[in-house]
Amino acid sequence: GENVEQHPSTLSVQEGDSAVIKCTYSDSASNYFPWYKQELGKGPQLIIDIRSNVGEKKDQRIAVTLNKTAKHFSLHITETQPEDSAVYFCAASIIGNTPLVFGKGTRLSVIA
Amino acid sequence: NAGVTQTPKFQVLKTGQSMTLQCAQDMNHEYMSWYRQDPGMGLRLIHYSVGAGITDQGEVPNGYNVSRSTTEDFPLRLLSAAPSQTSVYFCASSPLQGGTQYFGPGTRLLVL
């Protein structure tokens with residue numbers, strides 16, 4: 001089955017700097033790669049996703065890149081703000097076919 | 001729309017007790033799932049359902065039971081609680097297996 005590895009487990013950045021979180025997956029058939037943000041005491045919420053027919057997707061300060069050959073994808077947050085502090089999860093699946101498999105999460109701290 | 005709702009928010013059980021964690025969604029999603037979240041372990045899939053009357057096991061199903069009699073509801077039953085089941089439990093729903101998941105607020109369970 002699918003296995004998703006996520007790095008780093010913790011990340012501290014200065015406000016205004018960029019943050020990058022990386023994930024690798026094992027099943028070359030996976031075609032859907034979402035990123036979730038979990039704030040303290042809440043359930044995870046989708047922030048951005050990408051499908052395997054696209055190499056990059058942007059939404060304001062957030063972007064995701066996908067390298068199918070290397071089987072890895074990354075989350076990029078630019079101009080970080082204190083409200084970006086949270087736990088971020090990556091996931092992978094074969095959409096319509098398999099459940100989402102999540103990475104172990106990255107705790108991002110943005111220091112003002 | 002209330003989205004995905006979970007009850008209770010917090011529960012304390014004694015070893016050997018049984019209980020049911022409730023989950024309901026009002027988005028008419030076919031796919032529902034249960035995850036547990038433990039420190040450093042990410043989100044691990046317990047059970048999932050692709051539609052009413054259909055359930056399947058995830059990564060960590062032992063000690064848990066589910067049923068799906070309606071599209072809206074997906075309760076999770078702990079048959080005989082153990083301290084190892086102390087965790088935060090999240091229910092999620094999606095229009096499609098492996099697609100964007102909408103998470104509930106979680107149930108924090110402590111088994112003594």
Side-chain angles (χ1 to χ4, degrees), chain A residues 1-11 21-27 29-53 57 59 64 75 86-108, chain B residues 2-10 21 23-25 27 29-51 54-61 66 68 74 87-108:
Chain A
E2 177 66 276
N3 182 49
V4 177
E5 300 281 342
Q6 183 172 345
H7 299 280
S9 56
T10 60
L11 179 60
I21 303 170
K22 299 181 179 182
C23 289
T24 60
Y25 61 99
S26 62
D27 188 347
S30 288
N31 59 10
Y32 178 63
F33 308 93
W35 286 89
Y36 287 81
K37 176 182 180 182
Q38 185 180 30
E39 296 177 342
L40 196 62
K42 296 185 178 180
Q45 275 200 306
L46 179 76
I47 55 171
I48 195 167
D49 57 9
I50 193 168
R51 300 211 181 187
S52 59
N53 58 348
K57 185 176 178 181
D59 183 3
V64 57
L75 177 71
V87 178
Y88 292 81
F89 292 98
C90 62
S93 71
I94 304 171
I95 197 164
N97 196 306
T98 64
L100 277 176
V101 175
F102 286 83
K104 288 184 166 50
T106 296
R107 182 174 299 279
L108 173 65
Chain B
V4 179
T5 57
Q6 291 184 239
T7 55
K9 286 187 169 55
F10 181 70
L21 279 65
C23 174
Q25 52 95 4
M27 297 174 283
H29 288 167
E30 288 295 325
Y31 183 79
M32 296 186 74
S33 54
W34 277 102
Y35 291 86
R36 60 177 289 174
Q37 183 175 23
D38 304 292
M41 300 297 289
L43 294 158
R44 293 184 292 169
L45 184 64
I46 304 171
H47 285 285
Y48 63 95
S49 168
V50 298
I54 306 168
T55 63
D56 209 344
Q57 296 181 350
E59 180 187 354
V60 289
V66 291
R68 184 95 180 271
F74 191 43
S87 188
V88 181
Y89 291 86
F90 289 101
C91 178
S93 74
S94 174
L96 195 61
Q97 181 179 21
T100 303
Q101 299 222 56
Y102 298 84
F103 283 84
T107 293
R108 187 174 296 273

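Each chain gets a letter, A, B and so on, in the order the sequences are listed, and its residues count up from 1.
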What closest approach, in Å, do [X] and [Y] show between heavy atoms, and which atom pair accounts for it?
{"X": "A/Lys104", "Y": "B/Gly40", "answer": "CD-O, 3.3 Å"}
{"X": "A/Phe89", "Y": "B/Gly42", "answer": "CE2-CA, 3.8 Å"}
{"X": "A/Leu100", "Y": "B/Gly99", "answer": "CD1-O, 3.7 Å"}
{"X": "A/Gly43", "Y": "B/Phe90", "answer": "CA-CE2, 3.4 Å"}

Expected contact set for residues 31-38 of chain A against chain B at heavy-atom separation under 4.5 Å reads A/Tyr32, A/Tyr36, A/Gln38
Is any residue of residues 30-38 of chain B within less than 4.5 Å of chain A by heavy atoms, and which ones?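 Listed by number, the contacting residues are B/Tyr31, B/Tyr35, B/Gln37.
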If one checks every heavy atom of B/Leu43 against chain A at 4.5 Å, the contacting part turns out to be both
(Q) Checking A/Thr98 now: which residues fulfil side-chain contact (heavy atoms from CB on, under 4.5 Å) with it, not counting sequence neighbours? (A)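 In terms of side-chain contact (heavy atoms from CB on, under 4.5 Å), with neighbours along the sequence ignored, A/Thr98 is linked to A/Ser93, A/Ile94.
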Sorted by chain and number, sequence neighbours left out, side-chain contact (heavy atoms from CB on, under 4.5 Å) with B/Gln57 holds for B/His47, B/Pro61
Here the gap from A/Leu46 atom CG to B/Phe103 atom CZ, rounded to the nearest 0.5 Å, amounts to 9.5 Å
Honestly, the part of A/Ile95 sitting under 4.5 Å from a heavy atom of chain B is both
Whatever's closer than 4.5 Å to a heavy atom in chain B on A/Asn97 counts as backbone
Interface check, chain A: of B/Met41, B/Gln101, B/Glu59, most non-hydrogen pairs under 4.5 Å belong to B/Gln101
- Message: Around atom CZ of B/Arg44, are there more than 12 heavy atoms from other residues, nucleotides or ligands closer than 6.0 Å?
- Response: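 More than 12 within 6.0 Å, yes.
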